[in-house]
2 protein chains.
Amino acid sequence: MQSQKKCITIVPIFNHLEEDQMMEIMDATTQSSYKKGSLIYRDGDEVASLFIVRKGKIRIYKISESGKEQLVRILLPGDYTGELAVFGKMYQTSYAEAISDTEICMITKEKLQDFLIKYPTISLKILAEFSNRLNESEKQTTRFATEKVETRIAFFLAELIEDPNLSLEVELPMSKKDVASYLGTTPETLSRKLADLEEKGLILQKTSKRIEIMDIDELLLV
Amino acid sequence: MQSQKKCITIVPIFNHLEEDQMMEIMDATTQSSYKKGSLIYRDGDEVASLFIVRKGKIRIYKISESGKEQLVRILLPGDYTGELAVFGKMYQTSYAEAISDTEICMITKEKLQDFLIKYPTISLKILAEFSNRLNESEKQTTRFATEKVETRIAFFLAELIEDPNLSLEVELPMSKKDVASYLGTTPETLSRKLADLEEKGLILQKTSKRIEIMDIDELLLV
DNA sequence: CGAAATCTTGACCGATCTCAACTTACGTGG
DNA sequence: CCACGTAAGTTGAGATCGGTCAAGATTTCG
């Protein structure tokens, strides 16, 4: 029960609730776990549940009309997915793949909607989250539409910075292959552009996953 | 009052309400009008209201970090905007420009949130709408990330079809300049690609704004 | 009807992708 | 715990796509 509780309390949209409301929601969840590499759902699946990551790491990706894959996001504990099939369409429009052994809590569409009617402030939290995600997604679209690869990489690196006062060393949250996919380019081009940025003295590749940003102002002007 | 009522009743997120709830919401709105060419809000503005289009046409666009403009969408009567400043951040992240004389209803963030608490089913409607928009936006992002310009144009045209059984002739909802901006390309490239598609016999440009799709299957394989 | 904006076409160039070879990192099973 | 096989990452060369600049045609709207 303890770990089940943790599963809910770490989710931003629920963490303002009272203890007993939290318990009520917890009772409505079911748990399941997935081995590394397994698919949690696929495009078209009619699973109408919200999936909350309790442990592990999940890759969310889409496959375009012409068959090319793009990484949409990586889910870490506390993140959730499947909201489209809960609130909107009846089916998934992306793929979710466990990239490490993963544990998940699920709430069905029906139960979640009951809670939203009962505790309307949860909806406001979710609406806030959705509108921010929508905004992020549109910003991303605009970047794809207007910026070249090197600029998109620069912004991607800049946004990985946790605290600019603390450290300008960032850690890639996924493989470079996935970074390339996320940024709409190829591993070859990413590799080259990072080498270019390093040659210009704007970044320093310390290890394959750690990059120190040497000159953030110049980097963002690329 | 009649036109004010119409303003609300045509909005999908409200149109399931009872007559008296509708009246209540209407009383909370204020009206205003904008001349063609005027800016309704700009990136950074702290206007926390939902803007519902009653009459006219509005261009929503963003300007990227490096100063390039991208058209995000065109609003027609019944559409709304400003949701980010209502539910999420406190400021706008895009520009809204009246492209014809336009009339608008506005509801402030506070009043709207009161309604959502009072009538929780409205939230579910908005959540459905948001998750569909989020999905559309992510699909668009994936297209930008993985498809070339010609393919993006092809899908854009295909999605303009109202009823495939009725007619395969579509009308561009905006200038080709704006279509190019929306699709993340230039007017020159759009012009050339349309000419290419026409040469291949896939489309027929009847007038500057009307295009007949001759072979939709082939078109989507481009 | 005319000015201004939009749209089209051509020539050129640069950015990025593709294909291929090679190197490096990683996970697995002995 | 090491060795090996596989996947990831890098680098080079060549091809292609799409952008830029410029000129001309067309449309739009006052």
Side-chain angles (χ1 to χ4, degrees), chain A residues 35-37 57 59 64 66-71 74 97-101 143-154 156 171-200 203 205-211 222, chain B residues 35-37 57 59 64 66-71 97-101 143-154 156 171-200 203-211 222:
Chain A
K35 280 261 171 61
K36 172 178 176 174
K57 222 172 179 181
R59 247 173 117 251
S64 74
S66 65
K68 278 168 230 146
E69 177 182 321
Q70 191 215 3
L71 189 138
I74 298 283
E97 176 196 356
I99 49 179
S100 61
D101 289 356
R143 279 196 192 152
F144 277 112
T146 63
E147 311 286 11
K148 47 187 188 176
V149 173
E150 197 164 8
T151 311
R152 303 204 298 267
I153 295 172
F156 177 78
E171 173 147 4
L172 298 182
M174 45 192 161
S175 69
K176 287 186 179 169
K177 188 169 174 265
D178 280 345
V179 172
S181 167
Y182 180 74
L183 294 176
T185 184
T186 58
E188 294 95 322
T189 298
L190 176 62
S191 180
R192 274 187 258 271
K193 295 299 182 186
L194 286 176
D196 288 352
L197 292 173
E198 188 158 27
E199 200 165 328
K200 290 186 208 158
I203 66 170
Q205 306 194 58
K206 311 198 97 164
T207 71
S208 72
K209 284 248 177 313
R210 306 209 120 257
I211 295 177
V222 166
Chain B
K35 280 258 169 64
K36 173 178 175 172
K57 222 174 181 181
R59 249 174 116 250
S64 73
S66 66
K68 278 169 228 144
E69 178 182 320
Q70 191 215 2
L71 190 138
E97 175 195 356
I99 50 179
S100 61
D101 290 355
R143 278 196 194 153
F144 276 110
T146 61
E147 311 288 10
K148 45 187 189 178
V149 172
E150 196 163 9
T151 311
R152 303 204 298 265
I153 295 171
F156 177 77
E171 172 149 6
L172 298 182
M174 47 192 160
S175 69
K176 286 187 178 169
K177 190 172 174 261
D178 279 345
V179 172
S181 167
Y182 180 74
L183 294 176
T185 184
T186 59
E188 294 95 324
T189 298
L190 176 62
S191 181
R192 273 186 259 272
K193 296 298 182 185
L194 286 176
D196 289 352
L197 291 174
E198 188 158 28
E199 199 165 328
K200 289 185 210 156
I203 66 170
L204 190 63
Q205 306 192 58
K206 311 199 99 163
T207 71
S208 71
K209 283 248 178 308
R210 305 209 122 256
I211 295 177
V222 167

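Every chain is numbered from 1, with letters handed out A, B, ... down the list of sequences.
Between B:Glu188 atom CD and D:dC17 atom P the separation is 18 Å, expressed in whole Å. Between A:Gln205 atom CD and C:dT24 atom P there is a gap of 15 Å when expressed in whole angstrom units. The distance between atom CD of B:Glu198 and atom C1' of C:dT9, rounded to the nearest whole Å, is 14 Å. Regarding B:Lys193, its NZ atom lies at a distance of 9 Å from the P atom of D:dG19, rounded to whole Å. As a whole-Å value, the separation of B:Glu150 CD from D:dC17 C1' is 10 Å. One atom, CD1 of A:Ile153, and another, P of D:dG9, lie 13 Å apart when rounded to the nearest Å. Going from atom CD of A:Glu147 over to atom P of C:dT16 covers 11 Å, rounded to whole Å. Taking atom CD1 of residue A:Ile99 and atom P of nucleotide C:dC26, one finds them 15 Å apart after rounding to whole Å.
Under 3.5 Å, the side chains of B:Glu147 and A:Ser64 contain a donor-acceptor pair of N or O atoms.
OP1 and OP2 of C:dA25 both lie 4.0 Å or more from every side-chain N or O belonging to A:Lys176. Here B:Thr189 does not reach the OP1 or OP2 of D:dG18: none of its side-chain N or O atoms lies under 4.0 Å away. Within the structure, a side-chain polar atom (N or O) of B:Thr186 is placed less than 4.0 Å from OP1 or OP2 of D:dG19. A sub-4.0 Å separation between OP1 or OP2 of D:dA8 and a side-chain N or O of A:Ser175 is absent. In this model, the phosphate group of C:dA25 is not approached by any side-chain N or O of A:Lys209 to a distance below 4.0 Å at OP1 or OP2. Taking side-chain N and O atoms only, B:Lys148 has no distance below 4.0 Å to OP1 or OP2 of D:dG18. The phosphate of C:dT24 has neither OP1 nor OP2 within less than 4.0 Å of any side-chain N or O from A:Ser208.
Considering only side-chain atoms of B:Arg192, the nucleotide from C:dT18, C:dT9, C:dT16 that sits closest is C:dT9.
Using a 4.0 Å cut-off between a side-chain N of Lys or Arg and a carboxylate O of Asp or Glu, B:Arg59 and B:Glu69 qualify as a salt bridge.
Ranked by how close their nearest DNA chain D nucleotide is to the 5' end, A:Ser191 and B:Thr185 are led by A:Ser191.
At a threshold of 4.0 angstrom between heavy atoms, the contacts of B:Lys68 with the nucleic acid are absent. Residue contacts shown for A:Gly37 are absent, as no nucleic acid heavy atom lies under 4.0 Å away.
Nearest approach of A:Phe156 to A:Met174, heavy atoms of both residues: CZ-CE, 3.9 Å.
Annotation for B:Lys176: atom NZ counts as buried by contact number, over 12 foreign heavy atoms lying within 6.0 Å.
For B:Glu171 (side chain) and B:Arg210 (main-chain N/O), no donor-acceptor pair under 3.5 Å exists by modelled atom type.
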